[in-house]
Amino acid sequence: MTVTTSKQFERVSACIQPLLSRIYSADVAERLIDDIYTLMEPWLCPSGQENLKKWSHNNVLLITYGDSICSQDGRKPLKVLGEFLETYVEGAITGVHILPFFPYSSDDGFAVIDYLQVNPELGDWEDVRHIADHFNLMVDLVINHISSEHEWFQQFKRGEKPGCDYFIDVDASNDLSHVVRPRSSPLLTKVDTTSGPKYVWTTFSEDQVDVNFENPDVLLEYIKIILFYINAGARYIRLDAVGFLWKKLCTNCMHLPETHAVVRLLREMLQLIDPGIALITETNVPNRENLSYFGNRNEAHMIYNFSLPPLLLNALLQGKSDHLKTWMMSMPPAPIGCAYFNFTASHDGIGMRPAEGLLTDNEHQELLATMKRHGGQISMRRRPDGSESPYEINISLFDALKGTVKGEDEWQIERFLCSQTVMMSLEGIPAFYIHSLLATPNYTEGVKETGHNRTINRYKWDYEDLQQKLNDPNTSQSIVLRELRRLIQIRRRQTAFHPNATQYTLHPRNTALFAFWRQSIARDQSIFSVHNLSNQVQDLRLSELNLVGTDDWYDLISGTHIEDITAIYPLQPYQSVWITNKIDSAFDETVPIIF
């Protein structure tokens with residue numbers, strides 16, 4: 001071993017081995033560090049120092065399936081997606097999260113058969129790398145479970161190495177009633193093997209078999225997969241369903257210390273390889289549990305802001321800001337080096353667990369009832385006592401906002417645009433689901449075809465049909481995409497929208513208004529972000545914002561110059577304003593978008 005190699009090993013060992021010792025026994029940790037170093041050594045960067053400039057106000061992401069847009073001309077969906085992205089959103093969107101694009105057996109990609117292959121029905125790795133050449137690529141690491149068709153599980157059933165040791169075989173007589181469930185399906189699935197029937201742990205479905213991280217070889221397998229994704233161009237690694245990772249009898253098997261240690265270990269590993277890569281955890285759970293994945297600013301770089309979608313939806317349906325404000329005041333600023341990942345819709349439904357304790361029982365029920373009237377479905381989960389409770393709302397966000405609790409009205413587009421403007425104004429990195437950008441309505445026919453509630457928000461656009469709609473200035477798709485592109489491009493010029501810039505909740509007397517102040521890290525730009533959550537004209541008293549009298553103030557969205565900072569500013573139904581004292585922040589679209 002050369003002196004340089006020895007120093008590299010010492011650096012890796014100092015960062016990684018203490019974490020391994022929290023997960024495994026001392027002798028296992030000692031062996032593992034050699035194996036992990038061997039995997040990492042070709043990838044190690046010179047310094048491995050933390051990069052606190054991984055993101056800025058420029059970063060805006062898109063969430064999409066590889067086949068959310070398809071063509072009848074014979075091209076693979078990933079090629080069509082690449083063309084759509086370059087034609088319609090390049091210059092606005094800087095990063096793309098392509099949901100699992102691997103061979104799969106169920107759950108629209110989240111039952112992975114092979115982590116290292118692209119589903120041939122979608123395209124190939126060249127198509128993925130082409131998108132990564134234009135946008136910061138986010139790749140899913142479906143880390144909790146694999147498809148029952150994966151070779152590892154086939155080995156388990158045959159009693160062959162290595163897969164025979166990769167899964168959790170449980171005595172069915174154990175009391176597992178206290179295990180937290182995201183579904184109503186059985187926790188254990190009976191499987192016939194060469195050594196007789198066994199019961200394996202299946203958190204999500206019988207086709208999604210949980211892997212056993214108690215076996216250190218499983219950790220090594222997933223490190224290899226991460227390195228492969230980095231080589232393919234990934235700049236974000238998303239840990240799917242990571243909260244369920246570690247299982248221990250007589251616990252609820254959620255967010256266990258070993259799970260947090262694995263997340264921290266992966267963060268340290270990525271920092272040693274490329275400090276510009278971000279680790280993001282997906283934990284659709286109550287807010288306090290979700291926040292725990294920041295750790296002591298040493299776990300996830302980003303966490304999904306799961307409480308935002310149900311609270312914002314409720315605020316727009318009720319026409320009042322009280323619960324949204326209460327939640328916002330309770331949210332700590334993201335630690336330095338960390339950020340919130342803000343979204344309002346995704347491939348899954350609108351999770352209700354993150355709203356637990358934040359809505360009144362009456363509003364909770366009114367929200368569910370309104371969503372059913374708007375064509376939505378309610379998915380349930382099983383509680384430890386055997387009862388069921390609402391887990392998520394399945395609906396297109398565009399149709400979710402077609403009216404209020406009082407009924408449908410003519411403000412659907414304005415209400416929807418308000419929801420997206422609020423989201424992109426908040427502290428954090430904004431992410432738009434492709435069907436939000438495209439104002440996609442409920443895909444009710446798809447639910448009938450698949451029998452799965454989540455299909456309602458997973459429509460596959462025909463590219464030629466979509467182009468016709470986008471070329472017609474009067475369609476909902478054209479109006480929404482055009483306005484969101486405009487708002488995103490305005491936002492990306494504003495340093496006060498940096499993911500870690502100051503955020504302070506404001507308290508106008510009018511509860512129909514949701515208002516907060518953002519200030520740039522350099523303190524040279526302020527933006528007062530104010531939103532009318534109602535379908536009535538509301539008066540904004542500018543005096544309540546305390547605008548500095550020596551500055552000139554403008555609304556970035558309308559371009560209005562505010563001449564009297566004590567005046568009453570009428571806000572039209574669902575109108576948003578970004579009132580700022582600085583309108584010429586540096587921005588150059590010719591510069592490649594990087595972290």
4.5 Å side-chain heavy-atom contact, [X] and [Y]:
X    : Y    : answer
L85  : I93  : no
V200 : F153 : yes
Q412 : D399 : yes
S147 : D207 : yes
R353 : P286 : yes
L481 : L438 : yes
S425 : F497 : yes
V60  : M424 : no

> Are Y115 and Y222 close enough, and set up right, to give a ring-ring contact (aromatic ring centres under 6.0 Å, His included), and what steps lead you there?
Replying inline: CA-CA 9 Å; Y115 287 100; Y222 281 90; 5.4 Å; yes
Any side-chain donor near an acceptor of the partner, [X] and [Y], under 3.5 Å:
X    : Y    : value
N287 : E356 : no
T455 : R458 : no
Q420 : T344 : yes
H531 : S576 : yes
H130 : E86  : yes

> Got a sec, which pairs hit salt bridge (charged side-chain N to carboxylate O under 4.0 Å, His left out) with one end in residues 55-68, sequence neighbours left out?
Replying inline: D67-K460
So, using ring-ring contact (aromatic ring centres under 6.0 Å, His included) as the criterion, who are the partners of [X] when residues are at least two apart?
X    : value
W125 : F101, F228
Y433 : H435
F306 : Y304, F343

Tell me, please, which residues at least two apart from [X] pass side chain to side chain contact (heavy atoms under 4.5 Å, CB included).
X    : answer
P100 : F102, F110, D140, V142
Q377 : N394, N453
T505 : K325, M328, M329, H507
P257 : none

To the closest 0.5 Å, what do you measure between [atom1] ([X]) and [atom2] ([Y])?
X    : Y    : atom1 : atom2 : answer
Y391 : R181 : OH    : CZ    : 10.5 Å
D210 : L187 : CG    : CG    : 8.0 Å
S71  : L81  : OG    : CG    : 12.5 Å
D240 : I143 : CG    : CD1   : 9.5 Å
F84  : I69  : CZ    : CD1   : 4.0 Å

> Looking at residues at least two apart in the chain, or sitting in another chain, which of them share a salt bridge (Lys or Arg N to Asp or Glu O under 4.0 Å) with E363?
Replying inline: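 Counting only residues at least two positions away or on another chain, E363 forms a salt bridge (Lys or Arg N to Asp or Glu O under 4.0 Å) with K320.
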>> Run the salt bridge (Lys or Arg N to Asp or Glu O under 4.0 Å) test against E392 and tell me which residues pass, sequence neighbours left out.
In response: R454
> Between F156 and Y166, does the ring centroid distance fall short of 6.0 Å?
Replying inline: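 Between Y166 and F156, which both carry aromatic rings, the centre distance is not below 6.0 Å.
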>> Using a strict threshold of under 4.0 Å (side-chain N to carboxylate O), is an ion pair present between E445 and K448?
In response: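 Result for this pair is no, no salt bridge flagged.
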> Above 12 or not: heavy atoms from other molecules or residues under 6.0 Å from CD of E206?
Replying inline: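 Open: at most 12 neighbouring heavy atoms sit under 6.0 Å from CD of E206.
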> Would you say E388 has more than 12 foreign heavy atoms packed within less than 6.0 Å of its CD?
Replying inline: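 Check passes, neighbour count above 12.
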> Ignoring hydrogens and geometry, is there a side-chain-to-backbone donor-acceptor pair from K76 to P120 under 3.5 Å?
Replying inline: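 Yes, because the side chain of K76 sits within donor-acceptor range (under 3.5 Å) of the backbone of P120.
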>> Using the rule given for side chain to side chain contact (heavy atoms under 4.5 Å, CB included), can you reason through C418 versus L533, listing the C-alpha separation, both sets of side-chain angles and the distance that settles it, and then say yes or no?
In response: CA-CA 8 Å; C418 180; L533 303 180; 4.3 Å; yes
>> If the test is side-chain contact (heavy atoms from CB on, under 4.5 Å), which one of R482, E83, Q467 qualifies with Y88?
In response: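 Only one of R482, E83, Q467 forms a side-chain contact (heavy atoms from CB on, under 4.5 Å) with Y88, namely Q467.
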> Does D114 have any side chain to side chain donor-acceptor pair (under 3.5 Å) partners at least two apart in sequence or in another chain, and if so, which?
Replying inline: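 Residues passing side chain to side chain donor-acceptor pair (under 3.5 Å) with D114: none at all.
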>> Under the side-chain hydrogen bond (donor to acceptor under 3.5 Å, both in side chains) definition, can you give me all pairs with a residue in residues 276-286, not counting sequence neighbours?
In response: T283-N290
>> Please verify the inter-ring angle class for H145 with F204; under 30° counts as parallel, over 60° as perpendicular, anything in between as tilted.
In response: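 Ring orientation, 0 to 90° scale: tilted.
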